[in-house]
Amino acid sequence: DLSRWRSNKTNRGPLEKGWRDNHNPIMCSYKRVKCSFEVYGFQTRTEDFLHNIIKDILLVGHRQAVAWIDEWHGLSLEEVREYEKAMQEKTNNKVKSNQNNSGEVAAADLHSVEIPPRIEGEIVQLHVRAVQAETGGGEKKRLQ
């Protein structure tokens, strides 16, 4: 929570309500995300859903970058590359250690970020609609 966070190295934080309107300088980060789901009846909703998920993931990443400023502030480019390499190896080792005998990754162990309730509800709604579409014949089966 960046409203309670404070950096020891840079003496920045916490971010107060309305900080975007009066803070100077401002850094902008633009991401181009393209997704295509060309299935009639599902395209717009699925693409909107994916864009929202990606937006939420990127926001978490940016918040973490700010919150971890004490770890990377003042590092040279070479030191940043070494840090990235060490973190990549650590992540790969964690993924390998979480694999079960069938070779599939144990998905529950890899999720470090909770899915916001708004998104979780959309996942359930999409799943329910997909199952109803599969039943066909105009029947609507009750799902539990």
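Only this structure's heavy atoms are used, side chains among them; waters, hydrogens and symmetry mates stay out.
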Inset, instruction - Please report the shortest heavy-atom distance between S3 and P14, naming the atom on each side. - result: O-CB, 3.0 Å

Legend entry - Spacing of R63 atom CZ and L15 atom CG [to the nearest 0.5 Å]: 10.5 Å

Inset, instruction - Apply side-chain contact (heavy atoms from CB on, under 4.5 Å) to E82 and list each qualifying residue two or more places apart in sequence or on a separate chain. - result: none

Inset, instruction - To the nearest 0.5 angstrom, please state how far the CG atom of L59 sits from the CD atom of Q64. - result: 11.0 Å

Without placing hydrogens or testing angles, list every side-chain donor-acceptor pair under 3.5 Å for residues 29-42, not counting sequence neighbours.
{"unit_1": "S29", "atom_1": "OG", "unit_2": "K31", "atom_2": "NZ", "d": "2.6"}
{"unit_1": "S36", "atom_1": "OG", "unit_2": "E38", "atom_2": "OE2", "d": "3.1"}

Inset, instruction - Calculate, to the nearest 0.5 Å, the distance between atoms CD1 and CZ belonging to I69 and R12 respectively. - result: 4.5 Å

Inset, instruction - First locate atom CG of D48, then atom CD of Q43, and finally report the distance between them rounded to the nearest 0.5 Å. - result: 10.0 Å

Legend entry - Listed partners of L75 passing side-chain contact (heavy atoms from CB on, under 4.5 Å), at least two apart: W72, E79, V80

Inset, instruction - Output the distance between atom CG (L2) and atom CH2 (W19), rounded to the nearest 0.5 Å. - result: 8.5 Å

Inset, instruction - Kindly give the heavy-atom pair with the smallest separation between W5 and V66, and that separation in Å. - result: CZ2-O, 3.3 Å

Inset, instruction - Report yes or no: do I57 and F49 belong to one cluster of Ile/Leu/Val/Met/Phe/Trp/Tyr joined by side chain heavy-atom distances under 4.5 Å? - result: yes

Inset, instruction - To the nearest 0.5 angstrom, please state how far the CG atom of N98 sits from the CG atom of N93. - result: 11.0 Å

Legend entry - Atom of D70, atom of T10 and distance for their closest heavy-atom approach: OD1-N, 4.3 Å

Inset, instruction - Locate the shortest heavy-atom distance separating G18 from N22; write the atom from each residue and the value. - result: O-OD1, 3.5 Å

Inset, instruction - In sequence, state the C-alpha distance, the side-chain angles, and the governing distance for E84 and Q88, and then conclude on side-chain contact (heavy atoms from CB on, under 4.5 Å). - result: CA-CA 6 Å; E84 287 175 338; Q88 182 179 12; over 6 Å; no

